[in-house]
Amino acid sequence: MLLLKDIRRDPQQVKAALARRGYAPVSRVDEIMEMDARRRRLQQQRDELLNQSKKMAAEVGRLFKQGEREAADKARAEAAALKESVKTVEQQLAEVEAALDTLLLDLPNIPHPSVPDGQGEADNVVVRTHEAPVRASAPVPHWEVAQALGIIDFERGAKITGAGFPLYRKGGARLQRALINFFLSEAIAAGFEEVWPPYLVNEASARGTGQLPDKDDQMYYVCKDNLYLIPTAEVPVTNIYRNEILPGERLPYKLTAYSPCFRREAGSYGQEVRGLNRVHQFDKVEIVVISRPEQSYEILEEMTAHGERLLQQLGLPYRVVSLCAGDLGTASAKTYDLEVFAAGQQRWLEVSSVSNFETFQSARLKLRYRDDAGRPQLVHTLNGSALALPRIVAALLENNFNGEKVLLPEVLHPFYGQPFLQ
RNA sequence: GGAGAGGUGGCCGAGUGGUCGAAGGCGCACGCCUGGAGAGCGUGUACUCGGUGAAAGCCGGGUCGAGGGUUCGAAUCCCUCCCUCUCCGCCA
């Protein structure tokens, strides 16, 4: 959520920044300004009326105490009349505030100046590419490798639940566990606190990180209890400190969590969803940082570098992509995607997305810190995958299958228990 | 799921219709005191919206789990919801 005071300070700049994203109804900004002016006028009216009414109420009390019944009754009648006008103004105010809120919630974040121009995926900028040897004897897509080894049972997963709910078996199951442990160990070594969060969240949490209102189609919803299955650990973890004021000297807070992720992925089809490319339930280790504003961009780079180190250790070829303004997620001010090269499909697959949300989430979350002067200020929030499993598994299978078994990278040996998967 | 008891400031805790944003204590900060520390003494110590101001501040509104309601006036009374605790039920 953008801050009213920022919009008020320079609406033209906000409009220009939103236009850079391809946000079409830029005139919303004008509507917001107008609505805000109305809101402030109404509040002044209401405050004035309430002030009078409070004074009147005190007067009534005083008169009663002094036993001046008649005067008290008269004052009481006046106060009652005053209250009617308060009600009218208050109702208008509530309407304006609700409308303003809706408008404000609709605005996406402002892209950081360093974010490249562009309208969509095609305009994203490859920042750097990391080479790594492909050991596969022939280009075989991972679903064929998985079938040959009997380690992912897509059909029975579909029977149990539906398409996009893979059933991992034998070495496939064990590899999940190994990767999760490896990623968590690395995150802990990098100074992240491990947390194990709830996988269902309430409405306030979903709103806090920006899944609601705009992405509610992407979440599984448990209507009986009004809870959402998390699409990423970002949601529960970033919400840990919702509505809190953190001691400034303790920042940054660096948190990591493993969680399953549940996504409806409405509207996906074709090659996009083949095998593990896009599934409804997958596993991921997430890193989340709550930082002081002045540090957040430095931290964004560090988090990206952390993801890269994991890929380097896994021996996977990858590239770092800076998302252009038009491809940025609603809440993000800047995002780097990490993409691995999957030799079997000859495709780049996104395995991580590292974003700085600046105050977009913290404004909704009311997540603040006390600055050096002792004043509450909004924090910057960041998160990134480190890493998402399915496409890592896909790349490992496609890049390291020698026709008989999958040669695992050395870092996984202690976690997996042996050097190859067969 | 059923019955009961509760939710007040960073923490403890008083407050059951009127000057209560809230006694008292603890903690914390600053000052005095001290060779230094402690004790002691003094002062200060929530968040938010609006107005005004260069700013410090000042003025006004709101907030005592959340949201509604009654009343001239609500932390205090009523309703709904959430959470915590105790007992029962169920259960990995």
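We name chains A, B, ... by the order of the sequence lines, and we start the count at 1 in each one. Excluded from the calculations below are hydrogen atoms, water molecules and symmetry mates; all remaining heavy atoms, backbone and side chain alike, are included.
Within 6.0 Å of the CD atom in A:Q418, the count of heavy atoms belonging to other residues, nucleotides or ligands exceeds 12. The neighbour count for A:Q377 CD, taken as heavy atoms of other residues, nucleotides or ligands under 6.0 Å away, is above 12.
Look at CG on A:L378: it is 14 Å from P on B:C47, rounded to the nearest Å. Put simply, CG on A:N202 is 17 Å from P on B:C81, counting in whole angstrom units. Atom-to-atom, CD of A:Q45 to P of B:G51 comes out at 14 Å; the value is rounded to the nearest Å. Note: CG (A:L42) to C1' (B:G51) measures 15 Å, nearest angstrom. Remark: C1' of B:U48 and CG of A:L4 are 14 Å apart, rounded to the nearest angstrom. In this structure, CD of A:Q52 is placed 19 Å from P of B:C59, rounded to the nearest angstrom. As a whole-Å value, the separation of A:K366 NZ from B:A46 C1' is 16 Å.
Side chains of A:Q92 and A:Q45: a donor-acceptor N/O pair is absent below 3.5 angstrom, by distance only.
A gap of 15 Å separates the C1' atoms of B:G21 and B:G60, to the nearest Å. As rounded to the nearest Å, B:C85 and B:C12 have P atoms that lie 14 Å from one another. Using atom C1' as the reference point in both B:A29 and B:A46, the two lie 15 Å apart (nearest Å). Nucleotides B:G9 and B:C26 place their C1' atoms 13 Å apart, quoted to the nearest Å. Separating the C1' atom of B:G73 from that of B:G4 is a span of 33 Å, rounded to the nearest Å. The gap from the C1' atom of B:C20 to that of B:G15 amounts to 9 Å, rounded to the nearest Å. Between the C1' atoms of B:C72 and B:C79, the separation comes to 22 Å (whole Å). With C1' as the reference atom, B:G25 and B:G18 are 27 Å apart, rounded to whole Å.
Summarising the base pairing, B:A92 is matched to no nucleotide, lacking a Watson-Crick or G-U wobble pair whose two defining distances lie under 3.5 Å. Pairing for B:U86 is with B:A3, a Watson-Crick or G-U wobble pair whose two hydrogen-bonding atom distances lie under 3.5 Å. Taking a pair to require two hydrogen-bonding distances under 3.5 Å in either a Watson-Crick or a G-U wobble arrangement, B:C30 pairs with B:G42. Pair check for B:G67 finds B:C79; Watson-Crick or G-U wobble, both atom distances under 3.5 Å. Judged by Watson-Crick or G-U wobble contacts below 3.5 Å, the nucleotide B:U52 has B:G57 as its partner. Using N1 to N3 plus N6-O4 or O6-N4 for Watson-Crick, or N1-O2 and O6-N3 for G-U wobble, each under 3.5 Å, B:U16 pairs with nothing.
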Below 3.5 Å between N/O atoms, which protein atoms pair up with nucleotides 61-65 of chain B? Just atom names and distances, please.
unit_1 : atom_1 : unit_2 : atom_2 : d
B:G61  : OP1    : A:N51  : OD1    : 3.3
B:G61  : O2'    : A:R46  : NH2    : 3.2
B:G61  : O2'    : A:D47  : OD1    : 3.1
B:G62  : OP2    : A:K54  : NZ     : 2.9

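Along RNA chain B, the nucleotide closest to A:R40 and the one closest to A:G374 are compared, and the more 5′ of them pairs with A:G374.
Minimum heavy-atom separation, A:R20 to A:A325: O-CB, 3.3 Å.
Remark: A:R263 is not positioned above the aromatic ring of A:F282, lacking an NZ or CZ atom under 6.0 angstrom from the ring centre and at most 45 degrees off the axis.
No contact: A:R62 has no heavy atom under 4.0 Å from any strand. Using a 4.0 Å heavy-atom cutoff across all strands shown, A:R41 reaches no nucleic acid atom at all. Residue-level contact check: A:R8 touches the backbone only, with heavy atoms under 4.0 Å from sugar-phosphate atoms and none from bases.
Screening A:L397, A:V145, A:L167 for a side-chain contact (heavy atoms from CB on, under 4.5 Å) involving A:I151 leaves a single residue, A:L397.
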Summary of protein contacts for nucleotides 68-78 of chain B, nucleotide by nucleotide, where a base hit scores B, a sugar-phosphate-only hit scores S (4.0 Å, heavy atoms): ---BBS-----
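For residues 241-253 of chain A, proximity to RNA chain B is found at A:I245, defined as any non-hydrogen atom under 4.0 angstrom from a strand atom.
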